[in-house]
*Asks:* 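Below is a structure I'd like to ask you about.
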Amino acid sequence: MPPRRVSVTGAVLASLLALVLHVAFNSPISPLPLPLPSSRITPNNLLKTVDKLGEGRLEGPEAVCVDGEGTLYTATRDGWIKRMQPNGSWEDWKLLGGSALLGMTVSMTGDLLVCDADKGLLKVGEDGVITLASEVDGTPIRFADDVVEASDGSVYFSDASTKFGLQDWILDLLEARPHGRLLRYDPAANKTSVVLSNLGFPNGVTLSQDQDFVVVCETWKFRCLKHWLKGEQEGKTEVFIDNLPGGPDNINLAPDGSFWIALLQLRSKWLDLIHRSSMAKRVLATLPKLVGIMQRIRSGAMVVNVASNGKITRVLDDSDGTVMFFVTSAMEFEGHLYLGSLHTNFIGKLPLK
Ligand SMILES: *[C@@H]1O[C@H](CO)[C@@H](O)[C@H](O)[C@H]1NC(C)=O
Ligand SMILES: *[C@@H]1O[C@H](CO)[C@@H](O)[C@H](O)[C@H]1NC(C)=O
């Protein structure tokens, strides 16, 4: 019955056309294929042996920092800055609100500098909270992510994406176009400027021990850049480390001048396929349910220690994430590593020996 076949074919074609039009006009992203690194690590599961600090009290403590007295600070998804005294007692210190508190550091003044992805760069002290930067050159800071302070008072911090906010970070990864920036807040002038732009989800920011360069980690480029602040190379930018076995999140300077980088485990066989195809990503991004599923794909946890010459010297992981899951930061203090995560309810503490 040829006429019937024609109508079925017609219906299929019409549906396909409708889908193509739907995707063309509704996709929130205009993606590029994403090159993925080849590096693989043999699991050692050393992160499974952590002590759990503040268990049950901390909802997604993304970052950790410590002040001169040894008091540990973290920010949680319920909008609190919480702190642990050296004697181990916890205190809910300041309620900032929101759910977007990310990287933080202790300033020379004793205040905290905190990235609120939604609000920008904040200063938090006993007296209250001040917004230091919420825009740069007339454009809003959409996704303040991590921060470090130099001894001259300059504050370097990342704006992970000018296109997608924290809730939509997965779309930035799918789009794979560099929308991020490294910013510098100058406290004397009360002014923020752009240091580097076109970065692929700039996340962790830290300074070298001599403060001669700043390192900024680009999550979905699986690499960190170094930008020279002093010396002959001043103003130049080069790759510090690439082909990382995970997407770098926060980076922290260790006391010996090396760096601890938390690596997000965001890959899976089918995701690797998706990343290769712009069309697949364009379609996927129109389907909120699938995007939601993708956002939940993550496995285990990994941190690496990287020497100042950019070579990995140590890897610690939890390959299936049953203890330490989705570690977002690693900070070394007095012979221990303190591990933050967006998906635990504690901070991991691990002796380094
Ligand atoms: C721990 O130290 C804090 C601040 O110094 C103090 O307020 C608290 O009472 C101490 N807690 C214990 C159990 O010693
Ligand atoms: C700094 O500049 C911002 C506007 O960019 C302003 O809202 C704020 O009051 C200024 N702070 C100080 C201390 O001058």
Side-chain angles (χ1 to χ4, degrees), residues 51-58 61 64-76 79-98 100-162 165-166 180-197 202 205 331 333-336 338 340 345-349 351:
D51 286 333
K52 298 179 177 179
L53 303 180
E55 190 174 10
R57 174 163 200 152
L58 310 174
V64 191
C65 64
V66 65
D67 72 9
E69 269 98 62
T71 302
L72 205 75
Y73 291 84
T74 189
T76 50
W80 278 94
I81 307 280
K82 304 192 177 188
R83 64 183 184 187
M84 192 188 81
Q85 304 291 346
N87 64 15
S89 71
W90 279 93
E91 178 192 354
D92 294 353
W93 181 53
K94 294 276 174 210
L95 179 62
L96 273 55
L101 303 175
L102 300 173
M104 57 204 293
T105 191
V106 179
S107 154
M108 289 176 289
T109 59
D111 299 310
L112 289 188
L113 299 170
V114 179
C115 287
D116 181 320
D118 296 336
K119 294 182 196 142
L121 179 66
L122 312 179
K123 185 162 96 170
V124 184
E126 287 296 348
D127 301 337
V129 183
I130 301 171
T131 302
L132 296 179
S134 58
E135 57 164 50
V136 53
D137 297 343
T139 63
I141 296 168
R142 191 99 188 245
F143 199 144
D145 200 325
D146 193 22
V147 56
V148 68
E149 181 187 47
S151 54
D152 69 0
S154 302
V155 179
Y156 294 90
F157 65 110
S158 52
D159 182 12
S161 177
T162 53
L166 178 61
R181 313 182 279 193
L182 176 67
L183 307 177
R184 173 177 171 267
Y185 172 74
D186 175 354
N190 185 30
K191 200 170 170 347
T192 306
S193 53
V194 177
V195 179
L196 297 172
S197 51
V205 181
M331 189 270 303
F333 175 64
E334 292 186 341
H336 290 81
Y338 293 84
N345 64 358
F346 59 87
I347 286 169
K349 180 181 179 185

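The shown structure was predicted, so the numbers you read here are calculated from the model rather than taken from an experiment. Both ligands and their constituent atoms are indexed starting at 1 by order of listing.
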*Asks:* Which atoms form the tightest heavy-atom contact between K119 and L96, and what is the distance?
*Replies:*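 Here K119 and L96 meet closest at NZ-O, 3.6 Å.
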*Asks:* Starting from atom 11 (N) of ligand 1, what is the nearest protein heavy atom, named by residue and atom, and what distance separates them?
*Replies:*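 That would be N87 ND2, 3.0 Å.
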*Asks:* Side-chain contact, heavy-atom cut-off 4.5 Å: T105 with F157?
*Replies:*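 They are not in side-chain contact.
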*Asks:* Is the shortest distance from atom 14 (O) of ligand 1 to a protein heavy atom below 4.0 Å?
*Replies:* yes
*Asks:* Say whether S154 and R184, considering side chains only, have a donor N or O and an acceptor N or O under 3.5 Å apart.
*Replies:*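 The answer is yes; a qualifying pair exists.
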*Asks:* Considering non-hydrogen atoms of the protein only, which is the closest contact for atom 5 (O) of ligand 1, and what is the distance?
*Replies:*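 Going by distance alone, atom 5 (O) of ligand 1 is nearest to Q85 OE1, 4.5 Å.
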*Asks:* Determine the minimum heavy-atom distance between L102 and A144, stating which atoms define it.
*Replies:* CD1-O, 3.6 Å
*Asks:* Can you check whether a protein heavy atom sits less than 4.0 angstrom from atom 9 (O) of ligand 1?
*Replies:* no
*Asks:* Just to confirm, does any protein heavy atom lie below 4.0 Å from atom 2 (O) of ligand 2?
*Replies:*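 Protein heavy atoms within 4.0 Å of atom 2 (O) of ligand 2 - there is at least one.
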*Asks:* Contact between R83 and D67 at the side-chain level, heavy atoms closer than 4.5 Å - yes or no?
*Replies:*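 With C-beta onward as the side chain, the pair stays apart.
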*Asks:* Report yes if some heavy atom in the side chain of T162 is under 4.5 Å from a heavy atom in the side chain of D159; otherwise report no.
*Replies:*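 They are in contact (side-chain heavy atoms under 4.5 Å apart), so the answer is yes.
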*Asks:* Tell me the protein heavy atom at minimum distance from atom 4 (C) of ligand 2, and give that distance in Å.
*Replies:* N190 ND2, 4.7 Å
*Asks:* Counting from 1, what ligand 1 atoms have a heavy atom of S89 closer than 4.0 Å?
*Replies:*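 Contacts of ligand 1 toward S89, numbered from 1: 1 (C), 11 (N).
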